[in-house]
Amino acid sequence: MEEAPVFEMTPRLVKLSSRPVPADIPDRIDRKIIDDLNNNIYVFSKDGEHYLAYTQDAGRTIELELTGDKEYALQVIDTWNMKVVAEKTVPAGNFQHKTEMPFTAIRAIAK
């Protein structure tokens, strides 16, 4: 992860829960808001170079538009156990991965 161009990456929230993301979280603990936010997919990327996506739940489909004409080295990461559980090369374009376990991250780096 140290090689990620973090200062050039942009965060994006892909909303999947039934409620919109609130403009601000109230001071009181609202478990419903926290649960809804946990059911989302978060993407941090520098388009055409480096993509990192995360979701807490199993059974979610992470979708990334891998731009450019290069292939991407893809890793599926079990963030709970901090292990890479799958690696492969994928072409540019629309990529989808359905998570099989909770706390999954996807990392795609242009070759």
Side-chain angles (χ1 to χ4, degrees):
M1 300 305 274
E2 289 179 6
E3 11 2 280
V6 294
F7 294 109
E8 301 167 35
M9 295 173 80
T10 304
R12 185 169 47 98
L13 172 64
V14 181
K15 189 176 102 32
L16 290 178
S17 64
S18 59
R19 288 175 55 172
V21 178
D24 54 71
I25 305 290
D27 288 338
R28 69 185 182 351
I29 294 177
D30 184 341
R31 195 68 226 167
K32 179 69 175 136
I33 289 173
I34 292 169
D35 290 344
D36 282 351
L37 289 174
N38 284 341
N39 288 329
N40 289 309
I41 294 173
Y42 302 87
V43 177
F44 191 46
S45 67
K46 179 179 180 186
D47 284 343
E49 286 188 34
H50 202 111
Y51 297 82
L52 182 62
Y54 171 81
T55 188
Q56 176 178 309
D57 292 333
R60 295 279 183 205
T61 299
I62 295 174
E63 186 172 341
L64 298 172
E65 186 60 40
L66 303 174
T67 60
D69 55 3
K70 302 174 186 174
E71 289 187 320
Y72 287 81
L74 183 98
Q75 295 178 321
V76 178
I77 304 165
D78 171 356
T79 64
W80 187 261
N81 293 303
M82 295 309 294
K83 292 183 185 178
V84 173
V85 295
E87 292 184 274
K88 63 182 175 179
T89 299
V90 296
N94 186 281
F95 170 79
Q96 293 184 3
H97 174 81
K98 187 167 184 174
T99 61
E100 297 175 4
M101 63 193 146
F103 310 107
T104 298
I106 300 290
R107 184 167 76 159
I109 302 171
K111 289 185 164 192

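Residue numbers start at 1 and run along the sequence shown.
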Is there a chain of hydrophobic side chains (I, L, V, M, F, W, Y, each step under 4.5 Å between heavy atoms) that links W80 to Y42? yes

To the closest 0.5 Å, what do you measure between NZ (K46) and CG (L52)? 15.0 Å

Is the count of non-hydrogen atoms from other residues, nucleotides or ligands lying under 6.0 Å from N94 atom CG greater than 12? yes

Taking all non-hydrogen atoms of both residues into account, name the closest pair between P11 and M9 and its distance. CD-O, 4.1 Å

Donor-acceptor contact present, side-chain T55 to main-chain N40, <3.5 Å: yes

Between I77 and I41, is there shared hydrophobic-cluster membership here, with clusters defined by ILVMFWY side-chain heavy atoms closer than 4.5 Å? no

Nearest heavy atoms of S45 and Y51, plus distance in Å: CB-CD2, 3.5 Å

Please name the pair of heavy atoms, one in D47 and one in T67, separated by the smallest distance, quoted to 0.1 Å. C-OG1, 3.7 Å

Here the gap from E8 atom CD to H50 atom NE2, rounded to the nearest 0.5 Å, amounts to 11.0 Å

Given the rule that I, L, V, M, F, W and Y join up when any side-chain heavy atoms are under 4.5 Å apart, are L66 and V43 in one cluster? yes

How far does OG1 of T104 sit from OH of Y54, to the nearest 0.5 angstrom? 8.0 Å

So which heavy atom on L64 is nearest to which on I106, and how close? CD1-CG2, 4.2 Å

Looking at T99 and D57, would you say the former's side chain and the latter's main chain have a donor-acceptor pair under 3.5 Å? yes

Kindly check if the number of other-residue, nucleotide or ligand heavy atoms within 6.0 Å of CD (E65) is above 12? yes

Before you tell me yes or no, could you show the steps for F95 and E63 under side-chain contact (heavy atoms from CB on, under 4.5 Å), namely the whole-Å CA-CA distance, both residues' side-chain angles and the distance that decides it to 0.1 Å? CA-CA 6 Å; F95 170 79; E63 186 172 341; over 6 Å; no

Write down the atom of G68, the atom of A92, and the distance for their closest heavy-atom approach. O-CB, 3.1 Å

Please walk me through it: do M101 and V85 pass side-chain contact (heavy atoms from CB on, under 4.5 Å)? CA-CA 11 Å; M101 63 193 146; V85 295; 3.3 Å; yes

On a heavy-atom basis, the closest approach of V90 and K88 is CG1-CE, 3.9 Å

Taking D78 for the side chain and N81 for the main chain, is one N or O donor matched with an acceptor at less than 3.5 Å? yes

Could you check if a side-chain atom of K70 sits within less than 4.5 angstrom of a side-chain atom of K111, using non-hydrogen atoms only? no

